Amino acid sequence: MVRLKIFLAFIVLPISALAQGLLINAANRNSVSLNGDWNYIVDPYETGYYNFHSEVYDQKNPGSPSAFYNNYHAKNKSELVEYDFDKSPVLRIPGDWNTQKGNLFYYEGTVWLKKSFDYRLKTEKRVFVYFGAINYKAEVYLNGKKIGMHEGGFTPFNFEITSVIKDKGNYLVVKVDNKRFKEAVPTTNTDWWNYGGITRDVLLIEEPAVFIQDYSVQLKKGNRAGIAGFVQLNNTGKDEKITISIPELKIEKKIEVADDGKAVFELDVPPKINYWSPESPKLYTVFIKSAYQTLKDDIGFRTIETKGSDIILNGKSIFLRGICMHEEINGRRANSRVDAIKLLTWAKELGCNYVRLAHYPHSEYMVQMADKMGLMVWEEIPVYWTIDFNKETTYSNAKNQLTEVVTRDKNRAAVIIWSVANETPLSEARNLFLINLIKHTQTLDTTRLLSAALLTRNEKGVGIIDDKIGVHLDIISFNQYMGWYGGDLKTAPNAQWTTPYNKPVVVSEFGGDAKQGLHGPKEERWNEEYQEYLYQQNLLMIERIPNVRGISPWILTDFRSPRRLLPGVQNGFNRKGLISDKDKKKKAFFTLQTFYKKIALQYK
Ligand code: GCB
């Protein structure tokens with residue numbers, strides 16, 4: 001089922017530099033929040049960034065009062081200053097600007113945001129500013145000094161500010177730019193809203209001079225008796241030692257730190273351990289202790305493998321009863337623990353044991369709550385549709401976003417699949433790009449499965465799932481829209497599918513739009529009955545697809561998309577949700593719920 005896609009070409013902008021090593025487990029570090037009201041200035045002409053001859057202030061004349069990051073205030077009434085953060089309105093952070101301010105609903109461009117704060121840094125401590133995510137490009141300045149930049153709208157990053165911070169009167173200024181461009185990841189054309197802003201938490205994190213930056217504590221691939229992992233220190237002293245302890249399992253081990261600050265370890269797991277699973281999402285409190293600090297994390301232990309066409313969790317064959325989700329709730333960017341709980345509770349009610357977080361990394365709350373609530377997770381990066389597969393900078397950007405999400409979430413048992421792409425058009429350049437991303441993922445994490453949402457082709461009425469990239473993947477996933485973008489629903493249950501791969505097959509998307517509350521004959525589009533019938537017929541078809549071991553229909557809730565314009569029905573929303581943007585369930589919700597009850601019994 002090949003779908004018609006329209007591709008646009010847009011302006012070219014340069015790619016920016018990347019942030020410093022990520023501080024993982026930010027929430028359990030010693031921190032203060034910089035969330036709350038930030039003053040903002042909308043700057044479509046980037047007047048605060050370029051002078052009148054288009055030279056960048058921070059390169060040409062960093063101290064210029066006209067550069068907005070200098071947060072300058074006129075010293076007397078005769079001085080010319082054409083901006084003032086303190087007299088400008090405020091945005092709530094975290095939060096997208098589109099749904100907070102009516103006049104920014106369609107805005108794509110630069111907005112400057114400023115937060116003032118005092119901070120008393122203790123002696124011999126270091127301090128970092130941490131952003132959960134900024135969409136899309138961020139240039140960050142503290143007290144008039146540039147401290148870094150970041151590109152990519154859905155992953156965390158941090159910068160050290162120890163030498164710049166003061167006790168009183170700090171001003172943190174962020175230039176956020178969500179203009180779309182061809183070489184970006186994602187590219188100009190997506191079927192979701194390009195929410196701009198500082199969309200996730202902002203923290204000041206205080207660390208000792210030598211601190212634990214990163215660690216991995218996971219069962220070895222396919223081995224339920226042993227944990228393998230590492231701890232990475234930032235900076236090292238002499239003869240550093242790290243202690244890993246899991247009191248509930250009576251595990252405690254001292255490990256040596258090598259000269260590069262890395263400590264690699266293995267631990268035996270006692271036989272009475274409770275493995276993490278959706279039915280029993282057991283998390284153990286793990287302590288990672290250096291001479292200067294102790295970090296705590298709640299970690300689940302499980303193995304995930306494939307064998308032939310089976311997906312095997314803790315040694316047992318499973319079926320992924322999933323649903324796709326965007327990071328959106330009630331027509332705005334979801335951004336809190338409360339939002340994550342609300343979305344995942346619906347998935348649970350549906351009977352899911354699995355969610356596909358489309359089409360970019362969602363907030364850390366989502367994976368933390370999935371860990372606690374017992375939902376397996378597919379995570380993906382926005383290598384979506386027609387990104388620029390020929391561009392080296394596009395590749396390094398995608399690779400960086402992948403690195404950031406794997407780094408952030410590698411200790412979450414819930415995460416079982418890393419996906420590198422969605423519905424990308426076939427070409428040699430694309431194959432190379434994806435294979436390189438796959439290889440890169442394997443260098444970061446060997447314990448999870450790899451996939452990508454692929455497209456299929458049709459030959460003489462048979463759907464063929466044979467994308468070449470499948471050779472490199474653990475799970476063959478594909479999207480198909482039988483009965484929506486093509487195909488006949490009446491005959492759908494008899495449709496033939498075939499694949500050359502002896503691997504698990506997952507239908508990563510199917511679905512159709514329905515406007516909640518609209519009722520009528522099942523042959524008429526947009527009715528709830530049409531969507532219900534589409535689910536019934538697709539589920540009958542999917543059960544017969546060879547090697548099928550999971551599905552994640554499109555999608556949990558209606559979500560905003562600038563591509564969905566039909567008045568009275570879509571009104572700017574993709575209506576393929578099983579739940580409306582007003583939290584109302586549609587009939588197809590219950591069709592899928594019934595199907596999942598049946599499948600759960602089959603895979604008991
Ligand atoms: C797809 C895309 C998804 C779209 C969906 C749709 O294949 O992966 O991002 O939103 O179809 O509704 O057309």
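Just so you know, ligand 1 is whichever comes first in the structure, and atom 1 is the first atom listed for that ligand. Fair warning: this is a prediction, and the values are worked out from it, not measured in the lab.
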Practice problem: Could you name the option among His359, Glu423, Gln480 that has the heavy atom nearest to atom 9 (O) of ligand 1? | Solution: His359
Practice problem: Please state which part of Arg564 comes within less than 4.0 Å of ligand 1, counting heavy atoms only: side chain, backbone, both or neither. | Solution: side chain
Exercise. Record the part of Ile555 in heavy-atom contact with ligand 1 below 4.0 Å; permitted values are side chain, backbone, both and neither.
Key: neither
Self-check item: salt bridge (charged side-chain N to carboxylate O under 4.0 Å, His left out) between Arg430 and Asp467, worked out
Solution: CA-CA 12 Å; Arg430 168 269 196 186; Asp467 188 323; 2.6 Å; yes
Quiz item: Heavy-atom distance to atom 2 (C) of ligand 1: which of Arg575, Arg563, Glu509 wins?
Solution: Glu509
Quiz prompt | contact_flag Trp192 ligand 1 heavy-atom lt 4.0 Å | solution = no
Quiz item: Near Phe559, which atoms of ligand 1 are under 4.0 Å from a heavy atom of that residue?
Solution: 10 (O)
Practice problem: Between Tyr485 and ligand 1, find which residue part has any heavy-atom pair under 4.0 Å and reply side chain, backbone, both or neither. | Solution: side chain
Quiz prompt | Donor + acceptor pair across side chains of Asn422, Arg356 (<3.5 Å) | solution = yes
Quiz item: Under 4.0 Å from ligand 1, counting heavy atoms only, is it the side chain of Phe510, its backbone, both or neither?
Solution: neither
Quiz item: Are the ring centres of Tyr360 and Trp192 closer than 6.0 Å?
Solution: yes
Quiz item: Backbone, side chain, both or neither: what part of Asn574 comes under 4.0 angstrom of ligand 1, heavy atoms only?
Solution: side chain
Quiz item: Can you tell me how far CD of Glu379 sits from CE of Met366, rounded to the nearest 0.5 angstrom?
Solution: 10.0 Å
Exercise. Give the ring-plane orientation class for Phe433 versus Phe389, where under 30° counts as parallel, over 60° as perpendicular and anything between as tilted.
Key: perpendicular
Quiz item: Does the separation of the ring centres of Trp193 and Phe573 fall below 6.0 angstrom?
Solution: no
Exercise. Please test Asp445 against Lys221 for salt bridge (charged side-chain N to carboxylate O under 4.0 Å, His left out), starting from the C-alpha separation and ending with a verdict.
Key: CA-CA 10 Å; Asp445 178 18; Lys221 177 100 186 162; over 6 Å; no
Quiz item: Lys576 heavy atoms, cut-off 4.0 Å: which ligand 1 atoms fall inside?
Solution: 6 (C), 12 (O), 13 (O)
